[in-house]
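One structure is given here, and the rest of the page talks about it.
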Amino acid sequence: MSQVAASLGYTSLAGPGSAARILVVDDEPYMCDVCTRTLQRGGYQVTATSDPRAAERMLRDDQHFDLLLTDIKMPSMSGLELALIARERDPAIAIIIMTGFATMENLQQSVQRGIADFLSKPFELDHLRLAVDQALHKRSILQDNLRLQALEQLLDSSKALSATLELSEVADILLRVTLQQSAYQTGFVLLMEERSVPPRIVPAVASGELLAAGGQLAERAFEEHQTLIGQDVAFCRLDGGELRYALAVPLRAQGEVNGVLLLCSDQAAALRPGILEGVALLANHAGAALRNAALYGKLGQAYQRVQDLDRLKSEFIAIASHELRTPLSIVLGYTMMVRDQSAAEQRQYLERVMESAQRIKDIVDDMVSLRHLENGEAQYAPEPVVMQELVQYTIDRIRPTATERQQNISVQLPEQPLQFTCDREKLLLILGHLLSNAVRFTPDGGQIAVRTELRPAGALDRNGRYLAPSHIAATLPWVVVEVQDNGIGIAEREQPRIFDRFYQVANSLTRDHGGTGLGLALVRELMIMLGGAVWVESRPGHGSTFGIALPYRQPTVGAEKQ
Ligand code: ADP
């Protein structure tokens, strides 16, 4: 044992050896001798004494014995008294009383105390061996029963452990149960997440102050991954007294130790027989429960942070859009005025200023629209529209940019005008975003194709990955527009997220395309408002197809009259 370990006074609590340990007590040294030799030959570990007081001390010091073989009538103390003490310390200990005077009175007393094994002196050595074997067999059955009872109780507790995600509650349950099952007076749960960080002590028990040696013992159990017992050092202070005995049990989860259960007592305390395995089992459950609780706590914090961030973003949108709108209109208005009165060269510069100001205005408009949609303030303004016209108008607006980049835009439109009722401005905004994205995320020289068609009712489910909620009109045909590009594409795992506000696949530092991450969020909200759906199909490196579907609501005669 190292010096530190020695000064801490701890020993490893390895499992008990296989040979049963027997304590022989008889005031006649000769009897002690005979019994010792006979039993040793049978493979038992024997401790013998002719002084019952010495035997009493051994029992009280919690020296571990499986069987007490004692004479009944001894000068300083009766064997029955000794049996009583032994039972008190270990309810499952096997006891054999040796007596030459097996009176009815003795027998009655013994039966009352649950001690039923007798050996009448003088006895044959074979009888001794038989009696010992039988008593030890009974002990093992009794131990199994106790273990089962304890495990049942521990199982109930472990169910409770799995049911909670509160760190302090997990620690509380663990301590309550282990203290109930042991002679320890108090305890602590020390959470040790990382080696470098000092352990966090869960204040599950109000009583007791953990002292340095207690912390060190726990740390040792943590590092060595094993249960340790410590003695003769003050591990904890309780009600003014020092507790100088301690048991440190590592708490494990997925092969890692993430904490230690430390139990303290002012005397050599023990776990009730058969309980250690149960405590180890419970410690494992507790380890997993503590880990879950800690992860849950972190998750909660992260969620809170995300919510705070989301609130900040909304506030930012509200302030930025409000504060930018007016000065921007002034910039645009005056620039336009000056441009109209300027010479050709200055005009060019002013065009550039206007383009940039218009770009800022578009972003601000997106922010405002999104806010209105989210607040339910946006108005739906239905009017008869012809889809071909809107598509063509949008393409004509984007074409100069596409031409600059040698991109080809092909368009496929039905011959019959697709006239239906919709909100013209909102539809233009949607088409504008989808086409502008196709141009921006497709390299120079790329291909963009726009297709418009009428699809029968119900056909959308096959394609529509991002269906709007239930208000989709399932009985109407769909006006479908698809914008296909052969650009950079979007990985499968990113696809559900690109419709979130501010989400961009490449982060702002590595991205070489401009943008705010608001466009598709706006498209989704608008599509929900228009009772339609939007979806994407894409393969990185091959391109993307964004589709929208709108219910084909035709202006009815009745509606026109209204
Ligand atoms: P922005 O284009 O302003 O970044 P959007 O909300 O319109 O914001 O798009 C979100 C993200 O989705 C883009 O940043 C891009 O990563 C991805 N994306 C959108 N359209 C396409 C497209 N046609 N091809 C590849 N990626 C696209």
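Note that the structure is predicted; figures quoted are calculated from it, not measured. We number each residue from 1, following the sequence as shown. As the structure lists them, so they are numbered: ligands from 1, and atoms in each ligand from 1.
A distance-only check finds a donor-acceptor pair linking the side chain of Ser538 to the backbone of Gly543 [under 3.5 Å].
The pair Arg176-Asp172 fails the salt-bridge criterion, with no side-chain N (NZ, NE, NH1 or NH2) lying under 4.0 Å from an Asp/Glu carboxylate O.
Atoms of ligand 1 found under 4.0 Å from any heavy atom of Arg440 (numbered from 1 in listed order, with element): 1 (P), 2 (O), 3 (O). Within ligand 1, counting atoms from 1 as listed, the ones closer than 4.0 Å to a heavy atom of Asp485 are 22 (C), 23 (N).
At least one side-chain heavy atom of Leu251 sits less than 4.5 Å from a side-chain heavy atom of Val189. Ser410 is not listed as a side-chain neighbour of Val450, based on a closest heavy-atom distance of 4.5 Å or more. Contact annotation: the side chain of Pro250 never approaches that of His225 to less than 4.5 Å [non-hydrogen atoms, C-beta and beyond]. Using a 4.5 Å cut-off on side-chain heavy atoms (C-beta onward), Glu482 and Trp535 make contact.
Of all the heavy atoms of Phe546, the ones lying under 4.0 Å from any atom of ligand 1 belong exclusively to the side chain. Contacts of Val523 with ligand 1, taken as heavy-atom pairs under 4.0 Å, are absent altogether.
Taking distance alone, with nitrogen or oxygen atoms compared against 3.5 Å, Gly517 approaches ligand 1 more closely than that limit. Between Leu520 and ligand 1, an N or O atom pair is found at a separation short of 3.5 Å.
For Gly487, the closest heavy-atom approach to ligand 1 does not fall below 4.0 Å.
For the residues Ile490, Thr545, Ile498, Asp500, the heavy atom positioned nearest atom 12 (O) of ligand 1 is part of Ile498.
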